[in-house]
Amino acid sequence: MRVLVVGGDRLVYFVSRSLTNRGYAVTIINRDREECTRLARTLDATVVYGDGSMPHVLEEAGAWDADVVLAITPNDEDNLVICQVASVHFEVPRALALVNDPDHEETFRGLGVMAVSPTQILTRLLEQRMTFEDIEQFIPIAEGNINVTEIALDEDSPAVGMNLQDIPLPEGALIAAILRRGRPIIPGGATVMRDRDRLIVITLPDNHEEALKVLVGDSNG
Amino acid sequence: MPKGHPSHSTAEEAAREPRVRREGQLFVVVIGCGRLGSLVANRLSFRDHHVTVVDQRSGAFDALAPEYSGFRLEGDATEFATLREADIGQADVLIIATENDNINLMVGQVARKIFNVQRVIARVSEPRREEVFSELGIETICPAVLVGDEIVESLHRDRSLGRQEDS
């Protein structure tokens, strides 16, 4: 898979590094000549110098053959245009924009661009953590209409020792997977929850809190 | 706010008052009060149109003429709230004249597709970006192209005159 990453600073470095580690072919577009040299030296990636929102620069970076474009510059307007040029002009199948202003997430979607807002993710995660200490990960998907949450059970969790089918989960909440000593299990009705299990739970915003309360108890109480 | 000093009122106050327009009067919002934006805002205001000019640098409004009678709004046009405060949904024309092409392109699309502004004209500084704007349905004016064309045209005019004189 060919990934085109546009942006700079540590964010681009770390994102590109984790992508190359996973075996993706990465091309970086950066508008600082010195940084380009540095990135090219330290990463196993192709580096192109230029303004990634300019069509000729995207073309030079191989936009026609790219599977994904990630626009992660610090400027929301640049990220929008990069994604639009990539998808409208070069027909790149997937383009993802980083947004700093969380309101832009919806605006960009209205303009046909998929956007991620770290501000939004961090705020939601923080809110969740303040309510439940046992949350390991929290990922809202489908415009925030579905939550995927990873929680850790401990000996005090009410669900420990119960069969999946006996756990009084609210309707529409689902334990999708269990990580037991690092091994993934897809649970059935007879699967028993154990101390230190990590559960991947799918909930709707409406039943989210109730579902977590049933599984890990009220950590604030 | 006293009625006699409209130039000191905020756009927000303007939005609250129903906009009564005279025949032929346009409500124009200008984004960016640099050289181009302030020139357009001044001229439209002199022609009695209803103008609101938006810029995030308060010092930018110094470029407006003392006789400018429209509104000034300090704010970042890439923020939804600023556009709403400028009441662009009611505008007949939106002129986007910041020096940043991508901001102009973004604001232009938000205005067209989300606020349904009838006419949006965006300045584009980099001629090679004009194609992108047109692919995304935004009407543009590129000062570099206008000036460039004019120079070539005038040279051409001189030469053809010269040729006529030769023959």
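Letters A, B, ... are given to chains in the order of the sequence lines, protein chains preceding strands, and every chain is numbered from 1.
- By the neighbour-count criterion of 12 heavy atoms within 6.0 Å, atom CZ of Arg109(A) is densely surrounded, having more than that number from other residues, nucleotides or ligands.
- Counting heavy atoms of neighbouring residues, nucleotides and ligands inside a 6.0 Å radius, atom CD1 of Ile141(B) does not exceed 12 of them.
- For the set Gln109(B), Glu126(B), Glu131(B), the entry with the most heavy-atom pairs within less than 4.5 Å of chain A is Gln109(B).
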### Task
Evaluate the side chain to side chain contact (heavy atoms under 4.5 Å, CB included) criterion for residues Met106(B) and Val81(A): first the C-alpha distance (whole Å), next the side-chain angles of each, then the deciding distance (0.1 Å), finally the verdict.
CA-CA 7 Å; Met106(B) 173 173 163; Val81(A) 175; 5.5 Å; no
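- Looking only at distances, a side-chain donor or acceptor of His104(A) sits under 3.5 Å from a matching main-chain atom of Thr78(B).
- One finds a salt bridge joining Arg129(B) and Asp51(A) here, because a Lys/Arg side-chain nitrogen approaches an Asp/Glu carboxylate oxygen to under 4.0 Å.
- The shortest side-chain heavy-atom distance between Glu77(A) and Asn100(B) falls under the 4.5 Å cut-off.
- Most heavy-atom pairs under 4.5 Å with chain B: of the set Ile82(A), Asp76(A), Leu111(A), Val85(A), this distinction falls to Leu111(A).
- Annotation for Glu139(B): atom CD counts as buried by contact number, over 12 foreign heavy atoms lying within 6.0 Å.
- Atom CG of Asn100(A) has more than 12 neighbouring heavy atoms from other residues, nucleotides or ligands inside a 6.0 Å radius.
- By the 6.0 Å contact criterion, OH on Tyr24(A) is open, its count of non-hydrogen atoms from other residues, nucleotides or ligands being 12 or less.
- Taking CZ from Arg128(B) and NE2 from His56(A), the interatomic distance works out to 4.0 Å, rounded to the nearest 0.5 Å.
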### Query
Given the rule in the side chain to side chain contact (heavy atoms under 4.5 Å, CB included) test, do Leu80(A) and Asn102(B) qualify, once you have shown the distances and angles that lead to the verdict?
CA-CA 8 Å; Leu80(A) 174 78; Asn102(B) 289 344; over 6 Å; no
### Task
Given side chain to side chain contact (heavy atoms under 4.5 Å, CB included), test Gln84(A) with Leu136(B) step by step and report yes or no.
CA-CA 8 Å; Gln84(A) 290 187 311; Leu136(B) 296 168; 3.4 Å; yes
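- Around atom CD of Glu106(A), no more than 12 heavy atoms belonging to other residues, nucleotides or ligands sit under 6.0 Å away.
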### Query
Where do Glu79(B) and Asp101(A) land on the side chain to side chain contact (heavy atoms under 4.5 Å, CB included) test, with the steps shown first?
CA-CA 8 Å; Glu79(B) 283 180 33; Asp101(A) 178 347; 3.6 Å; yes
